[in-house]
Amino acid sequence: MNDDQDDRQADEPEHEIGFPQAAARARELPQTPGVYLMKAAAGRGICVGKAKNLRARASSYFSKTAAEELRTAYWVAEICDIDFVECESEVDALLMESRLIKDVQPKYNKELKDDKTFPYLMITTREDFPRVEVTREPRDRGVKLYGPFASAGALRGAIQVLQKIFKFRTCSLDIDEQDERWKWFRPCLLASIQQCSAPCNLRIGKDEYRQDIRRLQMFLEGHKKKLLAQLREEMQTAAKSLQFERAAVLRDEIHMLETLDDRGELETHAQPEVFYVDPKKGLAGLRKVLNLPREPRTIEGVDIAHLGGGQTVASLVQFIDGLPFKPGYRRYRIRQVEGVDDFRSIHEVVSRRFRRLQDQDEVFPDILLIDGGKGQLTAALAAFREQQIEPPTLLSLAKREEELYLPGAEEPLRLSRHAFALRLLQYVRDEAHRFAQHYHHILRKKSSLGE
């Protein structure tokens, strides 16, 4: 008998004993956010994961489904023990998970991936105003990397949560503080919703912006308590110096950090992973086929749904840099249309949406995509004309033949089914449809319950 056979025989009894012990331990875990570490024999870490509810997530590994699921069936029987760390929020858990994956390098995390590489959070360091982005191809120089993370969707959700606190930029603009022309640059909608401090408009100085980036880095590195103490001290100093506006900003940052568990639910903000769409190539393709002066950043999509032929609802989804931006999603009950009339419904929702943006001097999207054909596009154009509002780049996408209708064009534009530009527009269109149907189901449920 060789050494390998001796090792296998020695391991087998531990698995038989360890697996039920681990299952029992999973049922004793707290029902709080946190990170778990699955261990095999001799305490070897084999899988790290985050959870909104530690007990529920860890226990799922010992279910019949896990034993039959292709991605887990071949290794769950190795589990002999579980360690865990409680966290204050899902965002904290996500960051803790990435640090553990880096430190422990568990065997099965990589094998659970559908794609080839883990995503990283990357902060540029050689720019006047550093930017934050998610990447699977991190640079070697001029950046600070955090990760690897197990889920790009969850990471993007965390970035949107943290952006509300630290207000960093995620665009790819090359901003030079010494170039005064930036003072006349119109910021994107992230500035309008207080989610970016708009260095592109020089609304914030380089030193103050970099201080916000350093605070973000402190949080990412697990120094939340130290960061809160620092912010409280700065707030008191600002108040004593009669810098009340600055003190108020710091107070709000402190409050958002302290209540991160209330706002840090990644399901609300996480972007769905759609690997067949390359956002950068999609945006570059749209610039080319639509003959735009620059690459678009913001796309909004509109769709209509009907409740049993009576109540009509509309959805509006928002994409930034080719990815869904869920805080920008909107739902509308159509008020002025009786029965089923998609054209008039499109007219109403476009009128309401862009009249509000105009009245509040907010930024228009670069592209507005209507789900439908030439009739829906004409209805949207009529809404802009009657409101006397100059429309953004406007187009509609018809489902049957995936034809693209543009204002003033006699014939629709037919792109290759494999074109990145078309794939991105389909992604926006399909997400608007999904969101409209979701609202439709909510109203139908309320109607059936007599609410």
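As the structure is a prediction and not an experimental result, all values here were calculated from the model. Side chains included, hydrogens not; waters and symmetry mates left out as well; all remaining heavy atoms used.
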By salt bridge (charged side-chain N to carboxylate O under 4.0 Å, His left out), E233 pairs with (sequence neighbours left out) none
If you measure from CZ on R55 to CZ on R25, what distance do you get to the nearest 0.5 Å?
12.5 Å
Listed by chain and number, what are the side chain to side chain donor-acceptor pair (under 3.5 Å) partners of E245, not counting sequence neighbours?
none
Which residues share a ring-ring contact (aromatic ring centres under 6.0 Å, His included) with F168, sequence neighbours left out
none
Show the atom names and distances, to 0.1 Å, of all donor-acceptor pairs under 3.5 Å that link a side chain in residues 220-229 to residues at least two apart or in another chain.
| from | atom 1 | to | atom 2 | distance (Å) |
| --- | --- | --- | --- | --- |
| E221 | OE2 | Y146 | OH | 2.8 |
| K224 | NZ | E88 | OE1 | 2.7 |
| K224 | NZ | L257 | O | 3.3 |

Taking ring pair (Phe, Tyr, Trp, His ring centres under 6.0 Å) as the cut-off, I'd like each qualifying pair that reaches into residues 125-145, sequence neighbours left out, listed once.
F129-Y209
Who pairs with R414 by side-chain contact (heavy atoms from CB on, under 4.5 Å), at least two apart in sequence or on another chain?
E403, P412
For this output row, return yes or no: ring centroids of F435 and Y329 closer than 6.0 angstrom.
yes
Just verifying a value: how many Å separate L397 CG and L422 CG, rounded to the nearest 0.5 Å?
6.5 Å
By side-chain contact (heavy atoms from CB on, under 4.5 Å) - contacts of V104 (at least two apart)
L37, L100, P106
Which side-chain hydrogen bond (donor to acceptor under 3.5 Å, both in side chains) pairs, counting each pair once, include a residue from residues 294-305, with sequence neighbours left out?
R297-D321, E300-Q318, E300-R353, D303-H433
A398: partners by side-chain contact (heavy atoms from CB on, under 4.5 Å), with sequence neighbours left out
Y405
If I take atom CZ from residue R44 and atom CD from residue E78, how far apart are they, to the nearest 0.5 angstrom?
6.0 Å
Can you list the residues that meet the side chain to side chain donor-acceptor pair (under 3.5 Å) rule with R215, with sequence neighbours excluded?
D212, E234
So, for Y108 and Y74, is the gap between ring centers shorter than 6.0 Å?
yes
Excluding sequence neighbours, so at least two apart, what forms side chain to side chain donor-acceptor pair (under 3.5 Å) with D366?
none
Could you walk me through whether D174 and E127 pass the side-chain contact (heavy atoms from CB on, under 4.5 Å) test, one step at a time?
CA-CA 8 Å; D174 296 321; E127 297 181 276; 4.0 Å; yes
For F364, what residues pass the ring-ring contact (aromatic ring centres under 6.0 Å, His included) criterion, not counting sequence neighbours?
F354
